[in-house]
**Student:** 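Sharing a structure here in structure tokens format.
Per chain, numbering begins at 1; letters A, B, ... match sequence-line order. Just so it is clear, the model here is predicted, and its values are computed rather than measured.
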Amino acid sequence: MTRPAARALQRKLLSWYAASKRDLPWRGARDPYAIWLSETMLQQTRVETVIPYYQRFLRELPTVRELAEATEERVLSLWSGLGYYRRARMLHAAARRVVREHGGRLPASVDDLRRLEGVGAYTAGAVSSIAFGRRAAVVDGNVARVLARLFAIEEDVKSARGSARVWALAGDLLPDGEGQAGDWNQALMDLGATVCVPREPRCERCPVEALCTGRARGLAAGLPRMVRKKAPRPVRRVAIVLASRTSVLLARRRAGALFGGLWEPPGTDGPLEALAASLGLDVGALERRGELVHVLSHRRMQVEVVRGGLGRRRSWPLPGPEYDAVEAVPVSRLARGAHSALTRKILALAGVPGGP
DNA sequence: AACGCGGGGAA
DNA sequence: TTCCCAGCGTT
């Protein structure tokens, strides 16, 4: 793209953004921590989903320092239901690093930001440009799609991370103006989210339609070419809900794996008998409650739910290698606990009162 | 380069 | 059903 054409593109899109930008809670936030938090929550997660989580998290842990000093349990609890829980662990670790190595202030450069846990190329560029006004590019799913269409890039855009060509393009297109990179990046992303959408782009509403090569060639709607994702692998599990009127037995999943650090009713991919035996239970004392299906990006989990009484036992053995802690939790505390959406479904199916 | 890692909204 | 979302870290 020629220099004048790039200028025209920047002018039109920035002007469109000034008039049409979405009103989002983190827009205009002064605090880099707030921007960082929003960008982390927004990784592979829709804006509408993030908003209530963002507001609650920022209300409960309003500064990097308070996040750094919070327990992991608390952080996971605030993340509970949002998914990709490793993000919460890494955000927590990075906050401690920011306090330890940067005096509690987030670094401004892409290179320094990238050294923080959970901050990759996209997030570093976003925080650097939006929170600090640095001239840094971003490529997320929106930007990759918008640029692929604008420049009729027909090669595969590998995942949301984008190809090297798209990153180079995004860098070239950054405005020179002081502090404009943040608005420019957000303008590209807003355009992708509201106009240049995946299925049926609303080209008639696009401020840069006249500059769009993909549009001119009739390719826009078919770009970018994405590699088809594999179907989730089916997994059968069984979960045992041991509950009294006031408590339910939960176990904590080991870190680093699926649902790491979250609490759930003991479950297994193996036979129910083995799981029951590991808890010292007689299978005959368990009542079948039904089955549910929970679909993740890489797993289709079909979970059979059985229920039994909690009894008077005070301590419980670990119900298998997936877990590193086990505890009878008061149902009154469930709503504030660190659980996945799957756990909520299991507790609901088991009929646990006051489930999260 | 491919995979593991959640959950949900929209067509 | 299918797609894909303000991605990152590991292998």
**Student:** Would the number of heavy atoms belonging to other residues, nucleotides or ligands and lying under 6.0 Å from CD of A/Glu178 be above 12?
**Tutor:**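 For A/Glu178, atom CD is not crowded (no more than 12 foreign heavy atoms under 6.0 Å).
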**Student:** Answer with base, sugar-phosphate or nothing: what part of the nucleic acid does A/Arg115 contact at a heavy-atom distance below 4.0 Å?
**Tutor:**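 Touches nothing.
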**Student:** Once you round it to whole Å, what is the distance between C1' of C/dG7 and CD of A/Glu39?
**Tutor:**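 After rounding, the reported distance stands at 11 Å.
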**Student:** State whether A/Gln44 places a side-chain N or O below 4.0 Å from either non-bridging phosphate oxygen (OP1 or OP2) of C/dG7.
**Tutor:**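 Indeed, a polar side-chain atom of A/Gln44 lies that close.
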**Student:** State whether A/Trp316 and A/Arg313 meet the cation-pi test: NZ (Lys) or CZ (Arg) under 6.0 Å from the six-membered ring centroid, and within 45° of the perpendicular axis.
**Tutor:**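 Checked: cation-pi criterion met.
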**Student:** Whole-Å distance between C/dC5 C1' and A/Tyr54 OH?
**Tutor:**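 Interatomic distance, OH of A/Tyr54 to C1' of C/dC5: 19 Å.
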**Student:** In whole angstrom, give the distance that lies between atom CG of A/Leu42 and atom C1' of C/dC5.
**Tutor:**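 Atom-to-atom, A/Leu42 to C/dC5, this comes out as 10 Å.
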**Student:** Reckon A/Val119 touches a base, only the sugar-phosphate, or nothing at all at heavy-atom distances under 4.0 Å?
**Tutor:**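 Sugar-phosphate, no base atom in range.
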**Student:** Would you kindly compare A/Gly81 and A/Arg233 by the position of their nearest DNA chain B nucleotide and give the one closer to the 5′ end?
**Tutor:**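 Checking each residue's closest nucleotide, the 5'-ward one belongs to A/Arg233.
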**Student:** Distance check needed: C/dC4 P versus A/Leu223 CG, whole Å only.
**Tutor:**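 Those two atoms, CG and P, are 12 Å apart.
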**Student:** Give A/Trp79 one of three labels, base, sugar-phosphate or nothing, depending on what nucleic acid heavy atoms sit under 4.0 Å from its own.
**Tutor:**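 No contact at all - A/Trp79 keeps every heavy atom at 4.0 Å or more from the nucleic acid.
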**Student:** Between A/Asp190 and A/Arg199, just flag the one whose closest nucleotide in DNA chain C comes earlier from the 5' side.
**Tutor:**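 The residue mapped nearer the 5' terminus is A/Arg199.
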**Student:** Taking C-beta and beyond as the side chain, do A/Val306 and A/Val283 meet within less than 4.5 Å on heavy atoms?
**Tutor:**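 Of all side-chain heavy-atom pairs linking A/Val283 with A/Val306, none is under 4.5 Å.
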**Student:** Select one nucleotide: of C/dA6, B/dG7, B/dC5, the one nearest the side-chain heavy atoms of A/Tyr84.
**Tutor:**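 Nearest to the side-chain atoms of A/Tyr84, counting from C-beta on, is B/dC5.
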**Student:** Begin with the C-alpha distance, continue with both residues' side-chain angles, and end with the deciding distance and a verdict on ring-ring contact (aromatic ring centres under 6.0 Å, His included) for A/Tyr53 and A/Trp79.
**Tutor:** CA-CA 7 Å; A/Tyr53 283 89; A/Trp79 211 270; 7.9 Å; no
**Student:** With rounding to the closest Å, how many angstrom separate the P atoms on C/dA6 and B/dC5?
**Tutor:**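 To the nearest whole Å, 23 Å.
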**Student:** Does a side-chain N or O from A/Lys229 land closer than 4.0 Å to OP1 or OP2 of C/dT2, or not?
**Tutor:**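 No, A/Lys229 has no side-chain N/O under 4.0 Å of OP1/OP2 on C/dT2.
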**Student:** Which of these nucleotides, C/dA6, B/dG7, B/dC3, is closest to any side-chain atom of A/Phe259?
**Tutor:**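 Comparing C/dA6, B/dG7, B/dC3 against the side chain of A/Phe259, the answer is B/dG7.
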**Student:** With salt bridge (Lys or Arg N to Asp or Glu O under 4.0 Å) as the test, pick out the partner of A/Arg237 among A/Glu304, A/Glu322, A/Glu291.
**Tutor:**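 Going through A/Glu304, A/Glu322, A/Glu291 one by one, the salt bridge (Lys or Arg N to Asp or Glu O under 4.0 Å) with A/Arg237 is satisfied by A/Glu322 alone.
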**Student:** State whether A/Arg145 places a side-chain N or O below 4.0 Å from either non-bridging phosphate oxygen (OP1 or OP2) of C/dC3.
**Tutor:**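 For C/dC3, neither OP1 nor OP2 has a side-chain N or O of A/Arg145 closer than 4.0 Å.
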**Student:** Side-chain N or O of A/Tyr85 versus OP1/OP2 of B/dG7: is the shortest distance under 4.0 Å?
**Tutor:**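 True: A/Tyr85 side-chain N/O within range (under 4.0 Å) of B/dG7 OP1/OP2.
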**Student:** Among the nucleotides C/dG9, C/dA6, B/dG6, which one has an atom lying closest to any side-chain atom of A/Arg86?
**Tutor:**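 For A/Arg86, the side-chain atoms sit closest to C/dG9.
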**Student:** What distance separates A/Arg252 CZ from A/Trp263 CH2, expressed to the nearest 0.5 Å?
**Tutor:**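 Reported value, rounded in 0.5 Å steps: 5.5 Å.
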**Student:** Categorize A/Met41 for me: base, sugar-phosphate, or nothing, with a 4.0 angstrom heavy-atom threshold over every strand shown.
**Tutor:**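 Nothing, no heavy atom under 4.0 Å.
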**Student:** Once you round it to whole Å, what is the distance between P of B/dG7 and CG of A/Leu292?
**Tutor:**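 After rounding, the gap between these two atoms is 12 Å.
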**Student:** In whole angstrom, what separates A/Arg46's CZ from B/dA10's P?
**Tutor:**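 Atom CZ in A/Arg46 sits about 7 Å away from atom P in B/dA10.
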**Student:** If you check the A/Arg114 side chain, which of C/dG9, C/dA6, B/dG6 turns out closest?
**Tutor:**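 Taking heavy atoms from C-beta onward, the closest nucleotide is C/dG9.
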**Student:** Quick one: CZ on A/Arg86 to CD on A/Gln43, what's the gap to the nearest 0.5 Å?
**Tutor:**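 Answer for the CZ-CD pair, A/Arg86 versus A/Gln43, is 9.5 Å.
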**Student:** Please state how far atom CE in A/Met90 lies from atom C1' in C/dG7, giving the value in whole angstrom units.
**Tutor:**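 Distance, rounded to whole Å: 9 Å.
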**Student:** Picking from C/dA6, C/dC4, C/dG7, which would you name as closest to the side chain of A/Met226?
**Tutor:**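 In terms of side-chain proximity for A/Met226, the closest of C/dA6, C/dC4, C/dG7 is C/dC4.
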**Student:** Touch check for A/Leu262, heavy atoms < 4.0 angstrom, all strands: base, sugar-phosphate only, or nothing?
**Tutor:**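 Contact class for A/Leu262: none.
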**Student:** Examine the base of C/dC8 for any acceptor or donor lying under 3.5 Å from a partner atom in the side chain of A/Arg87, and report the outcome as yes or no.
**Tutor:**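 Checked by distance alone, the answer is no.
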**Student:** Report yes if at least one side-chain N or O of A/Arg299 is closer than 4.0 Å to OP1 or OP2 of B/dC5; otherwise report no.
**Tutor:**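 So the side chain of A/Arg299 is within the cut-off, an N or O lying under 4.0 Å from OP1 or OP2 of B/dC5.
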**Student:** For nucleotides B/dG8 and C/dC8, find the distance between their P atoms and express it as a whole number of Å.
**Tutor:**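 The same atom, P, in both gives a distance of 22 Å.
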**Student:** Scan A/Thr40 against the nucleic acid and name what it touches under 4.0 Å (heavy atoms): base, sugar-phosphate only, or nothing.
**Tutor:**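 Nothing, no nucleic acid heavy atom in range.
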**Student:** When you get a sec, tell me which of C/dC8, C/dA6, B/dG6 is the closest nucleotide to the side chain of A/Gln43?
**Tutor:**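 Out of C/dC8, C/dA6, B/dG6, the nucleotide with an atom closest to A/Gln43's side chain is C/dC8.
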**Student:** Quick one: is A/His298 getting a side-chain N or O under 4.0 Å of the B/dC5 phosphate, OP1 or OP2?
**Tutor:**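 Affirmative; the distance criterion is met.
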**Student:** Rounded to whole Å, how long is the line connecting atom NZ of A/Lys230 with atom C1' of B/dC5?
**Tutor:**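 It is 14 Å, rounded to the nearest whole Å.
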**Student:** Hey, is the side chain of A/Arg22 pairing donor to acceptor with the base of C/dA6 inside 3.5 Å?
**Tutor:**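 It does, because a donor-acceptor pair links the side chain of A/Arg22 to the base of C/dA6 below 3.5 Å.
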**Student:** In whole angstrom, give me the gap between the P atoms of B/dG6 and C/dT11.
**Tutor:**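 Approximately 16 Å lies between the P atom of B/dG6 and that of C/dT11.
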**Student:** Starting at CG of A/Leu78, measure out to CZ of A/Arg59 and round the result to the nearest 0.5 Å.
**Tutor:**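 One finds 9.5 Å between CG of A/Leu78 and CZ of A/Arg59.
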**Student:** Looking only at non-hydrogen atoms, find the nearest pair between A/Pro232 and A/Val295 and report the distance.
**Tutor:**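 Closest heavy-atom pair between A/Pro232 and A/Val295: CG-CG1, 4.2 Å.
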**Student:** If you measure from CG on A/Leu106 to CG on A/Asp31, what distance do you get to the nearest 0.5 Å?
**Tutor:**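 Atom-to-atom, A/Leu106:CG and A/Asp31:CG are 8.5 Å apart.
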**Student:** Looking at DNA chain C, which of residues 122-133 of chain A put a heavy atom within less than 4.0 Å of it?
**Tutor:**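 Contacting residues: A/Tyr122, A/Thr123.
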